[in-house]
Amino acid sequence: MTVMEQRGAYRPTPPPAWQPRTDPAPLLPDALPHRVLGTDAAAKVDPALLRRLHTELVRGRRYNVQATALTKQGRLAVYPSSTGQEACEVAAALVLEERDWLFPSYRDTLAAVARGLDPVQALTLLRGDWHTGYDPHEHRIAPLCTPLATQLPHAVGLAHAARLKGDDVVALALVGDGGTSEGDFHEALNFAAVWQAPVVFLVQNNGFAISVPLAKQTAAPSLAHKAVGYGMPGRLVDGNDAVAVHQVLSEAVAHARAGGGPTLVEAITYRIDAHTNADDATRYRGDAEVETWRAHDPVALVERELTERGLLDEAALQAVRDGAEAMAADLRERMNQDPVLDPMDLFAHVYAHPTPQLLEQESQLRAELDAEADGTPGAGPHGPEGAGR
């Protein structure tokens, strides 16, 4: 006789786990991406916000062009351009308070610059120099993340820790459409929703994960729909409409700060340039496709709105462009200076408390450098004393 057949045995009812934890309807994204520019809603946009967005977009476009040129001059090892995606980058930076944290991917140097980071420091990692290039805690910008999506669990962890401490902090994590195919993306969303962490995920869907189109990554109606499965709202926005991205992200950040939990925002945009300077984009997409997206350029969209409302004349436009050119000239001049490298930096910021092995290696290198500076014959790992190591 089984336990279930015994008289008076406990007969459990079906557990409620099969039932929806929440009503899925409010979590679903709209059928079409949210837009503002080119609609009646644009007339209500604050002129100061339009001007700020425009200035940062023009500056960002010039920054991308200059950084790309630096790769051709050998001053950068690689540069993943965000040309065409500037609206996402700028809006992500502008919606955050100073106390908040930005978690960028490798393509998001512009977001870091728009948040106030020195352009040279933003590019230091990409020139193969000195650690991250900046102090993440000082700027509230996590290290630029080259591995796909690994910054997302970090953002959730920081946001959750801030909430436990009672700190009024929101984390905004950026990722590309390719990053949504990584396990880190799904783990981050699940933890964020379960913990109701104050974090916002911005997916910049630029059409390709290097050469792999979105259709070969997912069969979902949109990437924003993936939010529903984890129990958070999904939002869909025109990623080339800077005002729309700013609105959607502002709402998501406010929702998170008020204790409402995370939001997944998918911005539909396009990578005009190649994946990096090492990529040949003509092998997987045609020029006609690129030109179609140029007609929906984020800089031109804001300029058109400002001009039609009489908020931007030729003199003002030239002043914005001159400011961007001055930034590019300063960046070019400082990047053309050879960095002063200290080999002892190899041991800086590896551990909070260096291990005995690291201290031993540091001491050994220092002795070799001192001997080399003194002109001691045979000093160093390639001389007789270092032979056979």
Side-chain angles (χ1 to χ4, degrees), residues 22 24-36 41 45-46 49 53 85 87-105 108 111 114-115 140-142 149 151-160 162-163 167-177 179-180 185-186 188-205 222-269:
T22 59
L27 306 181
L28 288 167
D30 294 334
L32 296 175
H34 177 63
R35 291 182 58 202
V36 175
V45 179
D46 181 8
L49 175 62
L53 288 170
Q85 301 178 217
C88 299
E89 303 275 311
V90 167
L94 297 189
V95 299
L96 295 177
E97 301 289 343
E98 184 177 351
R99 62 188 180 277
D100 296 331
W101 275 79
L102 179 72
F103 282 78
S105 72
D108 302 320
R115 183 154 168 74
R140 296 295 196 271
I141 303 172
Q151 74 275 19
L152 304 186
H154 298 165
V156 176
L158 182 140
H160 181 54
R163 184 166 177 256
D167 293 342
D168 187 21
V169 168
V170 174
L172 174 55
L174 281 63
V175 68
D177 52 285
T180 66
F185 170 81
H186 301 277
L189 263 63
N190 193 53
F191 275 115
V194 170
W195 287 338
Q196 286 294 281
V199 59
V200 176
F201 302 98
L202 173 60
V203 178
Q204 298 178 77
N205 178 4
S222 73
L223 295 174
H225 277 79
K226 294 180 183 292
V228 184
Y230 294 101
M232 70 178 70
R235 297 294 306 275
L236 198 58
V237 63
D238 182 343
N240 285 25
D241 184 335
V243 177
V245 179
H246 190 276
Q247 281 188 1
V248 170
L249 288 181
S250 294
E251 293 169 3
V253 168
H255 179 75
R257 202 183 305 280
T263 301
L264 174 65
V265 178
E266 178 188 359
I268 307 299
T269 183

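These numbers were taken from a predicted model, which means no experiment stands behind them. Note that the numbering runs from 1 along the sequence shown for the chain.
When all heavy atoms are compared, the tightest approach of Pro262 to Phe201 is CB-CE1, 4.2 Å. Here the closest non-hydrogen pair linking Leu202 and Ala267 is CD1-CB, 4.0 Å. Here the shortest heavy-atom pairing between Ala92 and Leu172 reads O-CD2, 3.3 Å. Summarising the geometry of Val90 relative to Ala114, their closest heavy-atom pair is CA-CB, 4.4 Å, with the distance given to 0.1 Å. Closest non-hydrogen pair, Ser222 versus Pro29, comes out as OG-CG, 4.1 Å. When every heavy atom of Pro198 is checked against every heavy atom of Ala256, the shortest pair comes out as CB-O, 3.6 Å.
Contact check for Arg257 versus Asp100: side-chain heavy atoms found under the 4.5 Å cut-off. Contact check for Leu158 versus Val169: side-chain heavy atoms found under the 4.5 Å cut-off. At least one side-chain heavy atom of Leu94 sits less than 4.5 Å from a side-chain heavy atom of His246. Side chains of Ile268 and Asp238 form no contact here, defined as non-hydrogen atoms less than 4.5 Å apart. Side-chain contact between His160 and Gln196 is absent, with no heavy atoms from C-beta onward closer than 4.5 Å. Using a 4.5 Å heavy-atom threshold, the side chains of Val45 and Val36 count as touching.
With Gln204 contributing its side chain and Asp177 its backbone, the two residues share no donor-acceptor pair below 3.5 Å. In this structure a side-chain-to-backbone donor-acceptor pair under 3.5 Å is missing from Glu251 to Val248. Between the His255 side chain and the Ser250 main chain, no donor and acceptor come within less than 3.5 Å of each other. Glu266 places a side-chain N or O within donor-acceptor distance of the main-chain N or O of Leu223, the cut-off being under 3.5 Å. At least one donor-acceptor pair closer than 3.5 Å links the side chain of Arg115 to the backbone N or O of Glu98.
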Exercise. Would you sort out whether Leu102 and Arg140 count as a side chain to side chain contact (heavy atoms under 4.5 Å, CB included), showing the intermediate values?
Key: CA-CA 6 Å; Leu102 179 72; Arg140 296 295 196 271; over 6 Å; no
Self-check item: Check against side chain to side chain contact (heavy atoms under 4.5 Å, CB included), Tyr230 and His186
Solution: CA-CA 9 Å; Tyr230 294 101; His186 301 277; 2.8 Å; yes
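In this structure, the separation between CG on Asp30 and CG on Leu236 is 7.5 Å, given to the nearest 0.5 Å. Atoms OG1 and CD, from Thr269 and Glu89 in turn, are 9.0 Å apart once rounded to the nearest 0.5 Å. Here the NE2 atom belonging to His34 is positioned 7.5 Å from the CG atom belonging to Asp241, to the nearest 0.5 angstrom. For the atom pair CG of Leu249 and SG of Cys88, the computed distance is 8.0 Å after rounding to the nearest 0.5 Å. With rounding to the nearest 0.5 Å, the separation of CZ in Arg163 from CH2 in Trp195 is 11.0 Å. Summarising the geometry, atom CZ belonging to Phe103 is positioned 9.5 Å from atom CG belonging to Leu152; distances are rounded to the nearest 0.5 Å.
Side-chain polar atoms of Asp108 and Ser105 form a donor-acceptor pair below 3.5 angstrom.
In this structure, Arg99 pairs ionically with Asp168, as a charged nitrogen and a carboxylate oxygen lie closer than 4.0 Å.
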